[in-house]
Amino acid sequence: MSELIPVHEAEQRIRSSLPSFGTEQVPIDRAAGRVLRQAVRAECDQPPFDRVMMDGIAIALGDGSRRTFTVRGRQLAGMHGQSLDDPSGCIEVTTGAVLPAGCDCVVPVEQCRRDSDRVELVADWQPQLRQFIHPRGSDCRQGDELLAPGMRLRAPELAVLAANGLDRVEVARMPAVAIVATGDELAEVDQRPLAEGQIRRSNDRALAAALHGRGFDDVLLTRVPDDLAATTQTLAGLLASRQVLVLSGGVSVGQRDFVPAALRELGVTQVLHRIAQRPGKPMWFGIGPQRQIVFALPGNPVSALVCAVRYLLPALEQAVGLPGVGGEPVVLAAPANTSPTLTCFIPVRVHHDGAGRTLAVPVPAPTSGDFSGLPHTDGVIELPPSGTPAAAGTVAPLYRW
Ligand SMILES: Nc1nc2c(c(=O)[nH]1)N[C@H]1C(S)=C(S)[C@@H](COP(=O)(O)OP(=O)(O)OC[C@H]3O[C@@H](n4cnc5c(N)ncnc54)[C@H](O)[C@@H]3O)O[C@H]1N2
Ligand code: MOO
């Protein structure tokens, strides 16, 4: 039997063997949630002109002693061309308008008393030079790099794309994923009644949800029986049409655990099998002849999910160009058991204390087959091998579901 590989080495081996899925151009309205694969530079200065910040009047301040002004014109947002030549005058302006030529101060309407075309400043209001003006280029200058490859396109990034005239954008191509459930004991979700010895298949739905949650939406669900020929045939078809295969079950040492043998027969190169961790020890990972990514996860539901959040999701995120961020540091709120030889992954519920620290309360699953309590948890923490339990206060990385 192959030796157990430490968690950090398993991660390293996976990361260094991943392909990229390439890029594609998409219209801006299909870009939300995608991963940017180009740099975006400012099309022009932002704001592109000195911009009025308040509805009111624009004036030429001079020495600041003048208290009354005569309205000489109007410059609303979207208009241009007004000019003030006479400091006793003012121009009515609205938020977002170009500051009229000759003006250097905006007085909000709340600080004005208007009588016909005469405006008087309220008694205790003292206008200041350049007040309530967004100067041209204060947000960014033409040519500044605003977005870099590897950024996820969320709301702020979409605003920048739109503001800079990008109606199409280059993003990472998302892989076609197949999730394959193995096991003769597995029944469909709607099968009633269940025969003795059967359980409904649930790992595939959990894995698909985990993938959708990270933006991997092209996911096909299928199953194979515990039979080498059938497994090999189904996997051959999937390797021809999908870039990522995620299998659950059939990777251990049982008489009917055919997954590693079938993958070997199909020319998938094994990169690792069996990691020094609990749960999820039997995980298998390999790369196909056309550089397909193949994760064969253990069938136990907690094990499958742990391996998905610790290895599968970070790997696919790397392959689409996102920077690796690792687990999120959290503070253990109570002691947690460890193993002297294995890295332990422990389900936790997280909350924040008064100081804003993220505290993790261990909610251990009785076995890796017991997943009904997981909905009340947020993810798993990773505890390295140790001869003593991890004390409350230990900082550990959290991998969210
Ligand atoms: N002699 C040994 N036996 C086992 C070892 C070992 O080292 N020596 N390792 C154990 C560990 S740890 C795990 S984890 C499991 C993993 O086994 P497989 O990946 O081969 O998974 P299966 O045997 O097919 O299934 C395990 C368990 O999970 C249930 N299952 C499978 N698929 C699904 C699904 N889609 N939805 C819900 N549940 C699923 C299945 O019914 C089994 O109960 O091996 C141990 N054995
Ligand atoms: O590695 Mo298995 O996941 O403990 O049951």
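Read the numbers this way: they start at 1 and go in the same order the structure lists the ligands and their atoms.
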Please check if atom [atom1] in [X] has more than 12 non-hydrogen atoms from other residues, nucleotides or ligands closer than 6.0 Å.
X	atom1	answer
Arg13	CZ	yes
Arg74	CZ	no
Glu9	CD	yes

Between [X] (side chain only) and [Y] (backbone N and O only), is there a donor and an acceptor less than 3.5 Å apart?
X	Y	answer
Arg113	Arg118	no
Ser248	Ala181	no
Thr358	Val330	no

Counting both backbone and side chain atoms, is some N or O of [X] under 3.5 Å from an N or O of ligand 1?
X	answer
Glu185	yes
Asn203	yes
Val251	yes
Gly250	yes
Asn300	yes

Exercise. Short list, please: which atoms of ligand 1 are under 4.0 Å from a heavy atom of Arg201?
Worked result: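 Heavy-atom distances to Arg201 below 4.0 Å select 35 (N), 36 (N).
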Check each heavy atom of [X] against ligand 1 and say whether those closer than 4.0 Å belong to the side chain, the backbone, both or neither.
X	result
Ser303	side chain
Leu186	side chain
Pro298	both
Asp257	side chain

What are the distances between nitrogen or oxygen atoms of ligand 2 and protein nitrogen or oxygen atoms, counting only those under 3.5 Å?
residue: ligand 2; atom: 1 (O); partner: Gly280; partner atom: N; Å: 2.6
residue: ligand 2; atom: 1 (O); partner: Lys281; partner atom: N; Å: 2.8
residue: ligand 2; atom: 3 (O); partner: Gly280; partner atom: N; Å: 2.7
residue: ligand 2; atom: 3 (O); partner: Ser303; partner atom: OG; Å: 2.2
residue: ligand 2; atom: 5 (O); partner: Asn300; partner atom: ND2; Å: 3.0
residue: ligand 2; atom: 5 (O); partner: Ser368; partner atom: OG; Å: 2.2

Exercise. Is there side-chain contact between Cys344 and Asn337, with at least one heavy-atom pair below 4.5 Å?
Worked result: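 No, every pair of side-chain atoms sits at 4.5 Å or beyond.
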Exercise. What residue among Gln82, Gln75, Arg114, Arg72 forms side chain to side chain donor-acceptor pair (under 3.5 Å) with Glu92?
Worked result: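 Going through the options one by one, the only one that passes is Arg114.
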Does ligand 1 have any atom sitting under 4.0 Å from a heavy atom of [X]?
X	result
Pro282	yes
Ser202	yes
Gly369	no

Exercise. Measuring from Leu312:CG to Leu207:CG, what's the distance to the nearest 0.5 Å?
Worked result: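 With rounding to 0.5 Å, CG (Leu312) is 7.0 Å from CG (Leu207).
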For this session: Identify whether the distance between the nearest side-chain nitrogen and carboxylate oxygen of Arg37 and Glu24 falls below 4.0 Å.
Result: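 Between Glu24 and Arg37 there is no salt bridge, as every charged N stays at least 4.0 Å from the carboxylate O atoms.
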Problem set entry | Lys/Arg N to Asp/Glu carboxylate O, Asp45 vs Arg141, below 4.0 Å |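 Yes, this pair counts.
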Problem set entry | Closest candidate by heavy atom, reference atom 5 (C) of ligand 1, pool Pro260, Ala296, Pro279, Ser252 |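 The residue whose heavy atom sits nearest atom 5 (C) of ligand 1 is Ser252.
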Problem set entry | Between Thr70 and Asp117, a side-chain donor and acceptor under 3.5 Å |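 Absent: no donor and acceptor within the cut-off.
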